[in-house]
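For this chain, numbers begin at 1 and follow the sequence in order.
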Amino acid sequence: MARMNRRDDGPATVVEGLVSVTRTVLVIVLLMAFGFGLTPYRAYADDASPTASPSSSPSNQQGSGSDSITVTSNITDTENLLGDSVSAVSDKIAATHRSSGVTVKLLYLSTFGDHAKPETWASQVLESTNPKPNTVMLAVASNDGSLVVVVSSNSDEWLKSRKTADLLSAAALKPIMKDSPDWAGSAMAMMTEIDTLKQTSTSTMTSRVGVIVLIVVLLALALLVAVVLILRRRGISLRPRRSAGRHAPRDPTA
C-alpha cells in the first residue's frame with residue numbers, strides 16, 4: 001500500500017460528518033449495484049471488453065461539481081477525482097486492454113474505513129466481482145492518503161508477481177505526489193506501466209524460447225559428433241558398401 005499526503009481541509013463540522021456518512025452509504029449501494037459489492041453483478045463480469053467511454057457503457061453520474069459521483073463498467077469515482085477526464089481515462093483503459101490484454105478497474109473512495117489491511121480488502125472486493133483473467137484494480141482512498149494496486153488471482157505470472165504490483169503502485173503514486181494531484185495522470189501512468197511490463201515480459205519469453213531452441217540444437221549436434229567418432233573408432237564406415245558379387249560388364253571387342 002502506498003501512502004499519500006493527507007488532505008487538510010480544516011476541522012470537520014457536523015454537516016460535513018453527515019455528508020460523509022450519507023456518501024459512504026451511497027458508495028456501498030453503488031458498489032453492490034455495479035459489481036464491486038460482495039455479490040458479483042454477472043452482466044458486468046461477462047462484458048466482452050472494457051468500454052471506450054462512459055457514453056458507450058452502463059454509467060451513472062450523480063450530483064454536480066465537486067460532489068458528483070461517476071460509475072461506469074470500469075470506474076467508480078465517488079470523490080469526482082477524475083473530473084472531466086473520465087472519458088480520456090476510459091479510452092486509455094480500452095487501449096490498454098487491446099495492447100496488453102489487461103483489464104483495468106479504478107475505484108476512488110474517501111476512505112477504506114477501519115480495514116486493517118487495505119490490500120486484503122481491495123483484493124477481496126476485486127475477487128468478488130468474478131474478474132476476467134489479467135485484471136488490475138487501482139483503489140484510492142483520498143482522505144486516508146492510501147493507494148492500493150491489486151491483481152486478480154487468475155492472472156498470468158508476469159502480472160500477479162509482487163514486483164509488478166510494486167512497479168504499478170509506484171507509477172500511479174508519482175503523479176499525485178504534487179501540490180495539485182493529477183488523479184487522471186495517475187491512472188494513465190499505471191496503464192502505461194502495464195504496457196511496458198507486458199512488452200518486457202513478451203521479449204523475455206521470446207529470448208528464453210530462443211535460448212532453449214539453441215541449446216537443443218547444440219545438444220543434437222554434439223550427440224551427432226559423438227556418434228560419428230564412436231563409429232570411426234570401431235572401424236565402422238558410414239559410407240554405403242558396394243555389393244562384392246556384382247562386376248561391371250566387359251566389352252566383348254576388347
Examine distances only and state if a side-chain atom of Ser128 and a backbone atom of Val125 form a donor-acceptor pair shorter than 3.5 Å.
-> yes
Would a 4.5 Å heavy-atom cut-off, applied to side chains only, mark Leu107 and Leu126 as touching?
-> no
Nearest heavy-atom pair of Ala139 and Ala122: which atoms, and what distance?
-> CB-CB, 4.4 Å
So do the side chains of Trp158 and Thr200 get within less than 4.5 Å of each other, counting heavy atoms only?
-> no
Flag for Asn143-Thr111: side-chain donor and acceptor within less than 3.5 Å | no
In Å and rounded to the nearest 0.5 Å, what is the OG to CE distance from Ser186 to Met177?
-> 11.0 Å
Are Thr164 and Ser161 close enough that a side-chain donor and a side-chain acceptor fall under 3.5 Å?
-> yes
Would you say the side chain of Glu127 lies within less than 4.5 Å of the side chain of Val150, judging by non-hydrogen atoms?
-> no
Could you check Val104 against Asn74 for side-chain contact (heavy atoms from CB on, under 4.5 Å), going step by step and ending with a plain yes or no?
-> CA-CA 7 Å; Val104 175; Asn74 294 90; 6.0 Å; no
Kindly assign one of parallel, tilted or perpendicular to the pair Trp183 and Tyr108, based on the angle between their ring planes and the thresholds 30° and 60°.
-> perpendicular
Show your reasoning for whether side-chain contact (heavy atoms from CB on, under 4.5 Å) applies to Thr72 and Asp77.
-> CA-CA 9 Å; Thr72 74; Asp77 182 4; over 6 Å; no
Within-4.5 Å side-chain heavy-atom neighbours: Leu81 and Ser142 = yes
Hey, could you give me the OG/CE distance between Ser99 and Met191, rounded to the nearest 0.5 Å?
-> 10.5 Å
Leu168 and Ile194: CA distance, side-chain angles, deciding distance, side-chain contact (heavy atoms from CB on, under 4.5 Å) verdict | CA-CA 7 Å; Leu168 295 181; Ile194 289 175; 3.6 Å; yes
Which residues share a salt bridge (Lys or Arg N to Asp or Glu O under 4.0 Å) with Lys117, sequence neighbours left out | none
Residue set satisfying side chain to side chain contact (heavy atoms under 4.5 Å, CB included) with Ala184, at least two apart, ordered chain then number -> Leu82, Ser85, Val89, Asp182
Locate the shortest heavy-atom distance separating Asp144 from Gly113; write the atom from each residue and the value.
-> OD2-N, 4.1 Å
Do other residues, nucleotides or ligands put more than 12 heavy atoms under 6.0 Å from the NZ atom of Lys160?
-> yes
Between the main-chain N or O of Met188 and the side-chain N or O of Thr192, is there a donor-acceptor pair closer than 3.5 Å?
-> yes
Quick one: pull up OG1 in Thr78 and CG in Leu109 and give me the separation to the nearest 0.5 Å.
-> 5.0 Å
Over all atoms of both residues, closest heavy-atom pair of Phe112 and Pro118 | CD1-CB, 3.6 Å
Does any donor atom in the side chain of Ser152 or Asn154 lie under 3.5 Å from an acceptor atom in the other side chain?
-> yes
Mind checking the OG1-NZ spacing from Thr135 to Lys105? Nearest 0.5 Å is all I need.
-> 6.5 Å
Nearest 0.5 Å, what's the CD1-OG1 distance between Ile75 and Thr70?
-> 8.0 Å
Between Ser169 and Ala165, is there a donor-acceptor pair closer than 3.5 Å when you use the side chain of the first and the backbone of the second?
-> yes
What is the distance from atom CE of Met190 to atom CE of Met137, rounded to the nearest 0.5 Å?
-> 10.0 Å
Going through the checks in order, is the side-chain contact (heavy atoms from CB on, under 4.5 Å) test met by Val136 and Leu159?
-> CA-CA 9 Å; Val136 173; Leu159 185 60; 3.8 Å; yes
